[in-house]
Amino acid sequence: MRSLPYFCRGQVVRGFGRGSKELGIPTANFPESVVDNLPADISTGIYYGWARVDNGDIHKMVMSIGWNPYYKNTKKSMETHVIHKFKEDFYGQTLSVAMVGYIRPERGFESLDELIAAIHSDIEEANMKLDLPEHLKLKKNNFFKTAVLTTPNQILNGHRL
Ligand SMILES: Cc1cc2nc3c(=O)[nH]c(=O)nc-3n(C[C@H](O)[C@H](O)[C@H](O)COP(=O)(O)O)c2cc1C
């Protein structure tokens with residue numbers, strides 16, 4: 001995918017509000033403006049990369065882009081699971097992400113347990129891949145150095161930085 005790494009930023013909005021609690025894997029949703037601006041070659045599926053909430057620390061993340069076939073959503077979403085235990089929800093705060101690599105397409109599952117197991121294996125893969133030097137260096141990208149609070153929903157494609 002030519003557009004990777006892809007950098008984008010937006011204010012966290014409320015999702016369908018069902019998954020995180022049910023799955024034990026909280027996800028932060030981007031607003032429609034960010035989803036609609038994805039380049040054409042970023043296909044739906046599961047990605048790994050780096051994430052930062054407001055001006056906090058940079059953490060590993062996994063992201064699901066698409067219609068969540070297990071739940072048969074009608075609206076395309078971008079849901080980020082930041083691999084870090086936060087004390088509180090961060091709705092309304094600015095989430096900056098660098099999508100670095102692709103893991104797999106989205107798929108349907110026979111049961112919720114299978115979906116959860118798949119996400120845990122995505123997290124494991126992200127954890128390993130992001131320790132590679134070529135991925136670690138992206139944490140130092142200028143994208144994460146700029147102050148984030150002035151322009152919510154700003155779209156920044158890595159290749160223009
Ligand atoms: C790493 C990751 C992988 C996911 N993979 C799938 C998938 O293969 N199929 C699917 O239907 N949903 C997938 N999801 C989406 C979950 O179903 C979704 O996060 C959950 O429904 C929560 O949505 P909600 O908080 O917006 O309700 C994935 C989510 C994450 C974070």
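Both counts, for ligands and for their atoms, begin at 1 and track the order of listing. Quick caveat, the model's predicted, so the values are computed rather than measured.
- Contacts between Arg104 and ligand 1 below 4.0 angstrom, taking non-hydrogen atoms only, involve the side chain exclusively.
- Side-chain atoms of Trp50 do not come within 3.5 Å of backbone N or O of Phe144 as any donor-acceptor pair.
- The aromatic rings of Phe86 and His59 sit perpendicular, their planes meeting at an angle over 60°, well past the 30° parallel limit.
- Contact annotation for Asn68 and ligand 1: heavy atoms of both the backbone and the side chain come within less than 4.0 Å of the ligand.
- Between the side chain of Tyr48 and the main chain of Tyr102, no donor-acceptor pair closer than 3.5 Å is present.
- A donor-acceptor pair shorter than 3.5 Å can be found between the side chains of Ser3 and Asp41.
- Residue Thr80 does not touch ligand 1, judged by heavy-atom distances below 4.0 Å.
- Ala118 does not count as a contact of ligand 1, since none of its heavy atoms falls under 4.0 Å from the ligand.
- Judged by distance alone, with hydrogens and angles left aside, the side-chain atoms of Asp54 form a donor-acceptor pair with the main-chain N or O of Thr94 at under 3.5 Å.
- Annotation for ligand 1: atoms under 4.0 Å from non-hydrogen atoms of Tyr71 are 17 (O), 20 (C), 21 (O).
- A salt bridge does not link Asp57 with Arg52: none of the charged nitrogens is closer than 4.0 Å to a carboxylate oxygen.
- Other residues, nucleotides and ligands contribute only 12 or fewer heavy atoms inside 6.0 Å of the CD atom of Glu110.
- Shortest non-hydrogen contact noted between Val35 and Met78 is CA-SD, 3.8 Å.
- Close approach of ligand 1 to Glu106 (heavy-atom distance below 4.0 Å) involves ligand atoms 8 (O).
- The shortest N/O to N/O separation between Tyr70 and ligand 1 falls below 3.5 Å.
- The atoms of ligand 1 that sit less than 4.0 Å from any heavy atom of Phe109 are 7 (C), 8 (O), 9 (N).
- Atoms of ligand 1 lying under 4.0 Å from any heavy atom of Arg107, numbered from 1 in the order shown and given with element: 7 (C), 8 (O), 9 (N), 10 (C), 11 (O).
- The option from Ile46, Leu112, Leu23 that lies nearest to atom 4 (C) of ligand 1, judged by heavy atoms, is Ile46.
- Here is the list of ligand 1 atoms found below 4.0 Å of a heavy atom in Val62: 1 (C).
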